[in-house]
Amino acid sequence: MKFNNILSETTKGLTTITINRPSKLNALNKETINELHQAFKIAEEDRATKVIIITGSGEKAFVAGADISEFADFSIAEGKNLAAKGQALLFDFIANLTTPVIAAVNGFALGGGLELAMAAHFRIASDNAKMGLPEVSLGVIPGYGGTQRLPQLIGKGRAMEMIMTAGMIDAKTGHNYGLVNHVTTQEELMEFTQKIASKIMRNSSVAIASAIAAINAGFEDGENGFDAEVTQFGICFGTADFKEGTTAFLEKRRADFPGE
Ligand code: COA
């Protein structure tokens with residue numbers, strides 16, 4: 001599929017989706033959000049894709065936010081619709097994918113950019129990364145899940161401070177806060193992220209899908225994460241991957257998961 005604002009390529013089970021508007025610091029306009037939705041959907045439905053990496057093109061930015069030029073004159077209803085649609089189409093969509101998504105944060109991750117990174121299952125940053133939710137400096141609040149996912153990841157007090165000050169934190173602080181799992185140099189970011197992806201790929205993709213569902217359930221209103229874990233644990237016992245994984249262990253060989 002041909003995209004105008006993103007690149008998507010798949011090799012050896014890994015799909016890399018790159019937001020490609022470097023002259024606008026990869027800001028998320030409507031078309032980019034729609035294209036990202038399509039690209040993630042295609043990768044999710046592609047059985048060959050075991051892990052997805054999301055990153056930004058250029059040396060400066062992951063994503064510098066939602067495209068401010070597109071919503072500056074919106075009404076209350078349009079603003080509400082912007083957040084609701086964006087969450088459904090992209091941010092919640094990514095968070096609930098069965099395929100693991102890693103954000104490789106290669107520079108500015110601001111506003112919708114940090115929200116995109118936080119919707120991924122985990123994050124790795126290069127040492128030039130700068131992360132923040134500056135929305136209140138524009139007279140608005142984060143609308144793509146930022147008020148929920150930031151406190152989940154770094155704690156309420158730190159999230160309150162970051163959102164209220166509209167400030168940016170660097171990669172080291174993001175690492176201390178647990179917002180990013182690892183920090184690398186800019187040159188090493190993709191290779192390091194790919195190495196983690198390849199470790200994930202050795203494991204059962206169906207079990208990983210169950211793990212994502214159980215972990216996410218604990219953060220959903222009205223759901224009991226422990227109950228979800230019991231259900232997903234049970235489901236694993238009916239899979240060919242479970243049969244292969246346990247058989248391979250008992251036969252002292254490496255598992256070759258069929259992925260079903
Ligand atoms: N929406 C739309 N365009 C954006 C953008 C955004 N969120 N972030 C950057 N851009 C555009 C700039 O308008 C500029 O375009 P131009 O060259 O046509 O004028 C281009 O990207 C480069 O950005 P610039 O501001 O010149 O780079 P800088 O190095 O001076 O500053 C930032 C970098 C990230 C500090 C600055 O771009 C910024 O503050 N961006 C907005 C961040 C934000 O508030 N995001 C939250 C949105 S809800």
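Counting convention: from 1, in listed order, for ligands and their atoms alike. Side chains are part of it too, since the values below use all heavy atoms of this structure and drop only hydrogens, waters and symmetry mates.
- Among Gly111, Ala64, Pro22, the residue whose heavy atom lies nearest to atom 45 (N) of ligand 1 is Ala64.
- Regarding atom 2 (C) of ligand 1, its nearest protein heavy-atom neighbour is Asp67 OD1, 3.3 Å.
- The presence of a protein heavy atom under 4.0 Å from atom 12 (C) of ligand 1 is ruled out.
- Ranking the protein heavy atoms by distance from atom 30 (O) of ligand 1 puts Lys60 NZ, 4.7 Å first.
- The shortest contact between atom 14 (C) of ligand 1 and any protein heavy atom is with Ser23 O, 4.4 Å.
- Looking at atom 46 (C) of ligand 1, its nearest protein heavy atom turns out to be Pro134 CG, 3.8 Å.
- Any N or O atom pair closer than 3.5 Å counts here, and Ser69 shares no such pair with ligand 1.
- The nearest heavy-atom contact from the protein to atom 10 (N) of ligand 1 is Lys24 O, 3.8 Å.
- Of the listed options Asn29, Ile141, Leu25, Leu25 places a heavy atom closest to atom 32 (C) of ligand 1.
- In this structure, Val51 and Ile196 have side chains that are not in contact, with every pair of non-hydrogen atoms separated by 4.5 Å or more.
- For ligand 1, the polar-atom distance check against Glu135 finds no nitrogen or oxygen pair separated by under 3.5 Å.
- In this structure, Arg202 does not pair ionically with Asp256, as no charged nitrogen and carboxylate oxygen lie closer than 4.0 Å.
- When the heavy-atom distances from atom 7 (N) of ligand 1 to Gly132, Ala66, Ala61 are ranked, the shortest goes to Ala66.
- Between Ile68 and ligand 1, a contact under 3.5 Å exists for at least one N or O pair.
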